[in-house]
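This structure is a prediction, so every number in the text was calculated from the model and none was measured.
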Amino acid sequence: MAALHVRTADADVLLLNELGLGPGIDHLSALDLLTRLKARGQVVEAFTSFCGGVPAPDVPHTPLRYKLSWNAACCWRGSMARDICWVVRCVGNVSALRGALEWLGLVPPSTSPAYTTATTFAPAPPTHPALPARPTAPINIFTSLLAHKLAYARGERDMVVLAHEVVARDSATQVERVYTSALVECGTPRASAMARTVGVPVGVAALLVLDGEVGVRGVCGPVVQGVYEPVLRRLERYGLGMKETVREVGVGRRTVESALRGVSEL
């Protein structure tokens, strides 16, 4: 789609991509925080971000302690290796990690026969979803089964959790601080949390474009300041604002980034 940028810009057209939850609100809020810290003379040393949909605390546990509020294939195939190029462009080469809050289990590599081998299956038991009539990869069967087994029951609530952690050092005083920015949204009888956090940003952006508050044209995403600032302001009106905290890094007070680094070194 990037190849269309010049043509759409010349035609005074905007193709605005990746404006849901992840990517979407996660990019908007992270770049807003990182840009403000950089403007205040803070040197960003580490950035950690997690986002995803999980059952609300009042939902009965399944054996996997997880239910699906979005595409089952994406949940299974998700990984810790998310695109972080936009973080590097904003604050330079720092320790950065983006991850998804989802049940990964023992995820096979993308070259595994689970993804690539077409297999014919016997008819499914009556309690299982119908299997495809044509040969298909085992991973497609598995994700179909997950969607059936881990579906939300009527009246159960989902929950979206988005959390950023930035470790930054003051360039003048050398004091190191931890800045957090988080959004926790639970589903309601009217809409799931996933539906709101994916759908509202798109609607907000469309209204801002119609009102002339987004002046960029061509192909772009939420990493453009002229997009993320007005969208974030409008999202607060709909109860989807980020909550921020700050504390100094002290002895014995671990950060998410340091905890993950410790796990990776085991």
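Using a 4.5 Å cut-off between side-chain heavy atoms of Ile, Leu, Val, Met, Phe, Trp and Tyr, with links allowed through other members, V219 and V6 fall into different hydrophobic clusters. L68 and Y152 are assigned to two separate hydrophobic clusters, defined by single-linkage of ILVMFWY side chains at heavy-atom distances under 4.5 Å. Both V216 and L232 are part of a single hydrophobic cluster, where members link through side-chain heavy atoms under 4.5 Å apart.
In this structure, P55 and K67 approach most closely via the heavy-atom pair CG-N, 3.5 Å. When all heavy atoms of A172 and D170 are compared, the closest pair comes out as N-OD1, 2.7 Å. Closest approach of S171 and V43 over heavy atoms only: CB-CG2, 4.1 Å. Closest approach of T197 to I25, counting heavy atoms only: O-CD1, 3.5 Å. In plain terms, the two heavy atoms of L34 and V166 that are nearest each other are CD2-CG2, 3.9 Å. L162 and C51 make their closest contact through CD1-CB, 3.7 Å (heavy atoms, listed as atom of the first residue, atom of the second, distance).
In terms of modelled atom types and a separation under 3.5 Å, the side chain of D12 and the main chain of D10 share no donor-acceptor contact. A donor-acceptor distance shorter than 3.5 angstrom exists from the side chain of E156 to the backbone of A153, with no hydrogens or angles considered. The closest donor-acceptor contact from the side chain of R196 to the backbone of Y238 lies under 3.5 Å. Remark: side-chain polar atoms of D211 are not paired, donor with acceptor, to backbone N or O of E213 under 3.5 angstrom.
Here the side chains of R177 and V175 are in contact, with some heavy-atom distance below 4.5 Å. With contacts defined as side-chain heavy-atom distances shorter than 4.5 Å, the pair R234/L208 qualifies. Looking at L28 and L19, their side chains come closer than 4.5 Å, going by heavy atoms from C-beta outward. Here the side chains of E176 and E45 are in contact, with some heavy-atom distance below 4.5 Å.
For the residue pair T35 and Y228, a side-chain donor N or O sits within less than 3.5 Å of a side-chain acceptor on the partner. With hydrogens and angles left out, the side-chain atoms of S29 and S181 include no donor and acceptor closer than 3.5 Å. R169 and Q174 form a side-chain donor-acceptor contact under 3.5 Å, judged by distance and modelled atom types alone.
Screening E244, H164, Q42, R36 for a side-chain contact (heavy atoms from CB on, under 4.5 Å) involving Y179 leaves a single residue, Q42.
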Would M194 and V160 count as a side chain to side chain contact (heavy atoms under 4.5 Å, CB included) here? Give the steps. CA-CA 6 Å; M194 187 61 69; V160 162; 4.1 Å; yes

Start with the C-alpha distance between V200 and L235, add both sets of side-chain angles, then the distance that settles side chain to side chain contact (heavy atoms under 4.5 Å, CB included), and finish with yes or no. CA-CA 8 Å; V200 171; L235 285 176; 3.8 Å; yes

List the steps and the verdict of side chain to side chain contact (heavy atoms under 4.5 Å, CB included) for M159 and V184. CA-CA 7 Å; M159 180 170 67; V184 178; 3.9 Å; yes

Kindly indicate, with the supporting measurements, whether the criterion side chain to side chain contact (heavy atoms under 4.5 Å, CB included) is fulfilled by C186 and D158. CA-CA 6 Å; C186 287; D158 70 323; over 6 Å; no

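Taking a 6.0 Å sphere around CZ of R7, one finds it holds 12 or fewer heavy atoms contributed by other residues, nucleotides or ligands. For R190, the CZ atom sits in a loose shell: 12 or fewer heavy atoms of surrounding residues, nucleotides or ligands are nearer than 6.0 Å.
Looking at D58 and R157, a side-chain N of the basic residue comes within less than 4.0 Å of a carboxylate O on the acidic one, giving a salt bridge.
Taken to the nearest 0.5 Å, the NE2 atom of H27 stands 5.5 Å off from the CD atom of E18. Taking CG from L14 and SG from C220, the interatomic distance works out to 5.0 Å, rounded to the nearest 0.5 Å. Atoms CG and CD, on L33 and E165 in that order, are 11.0 Å from each other to the nearest 0.5 Å.
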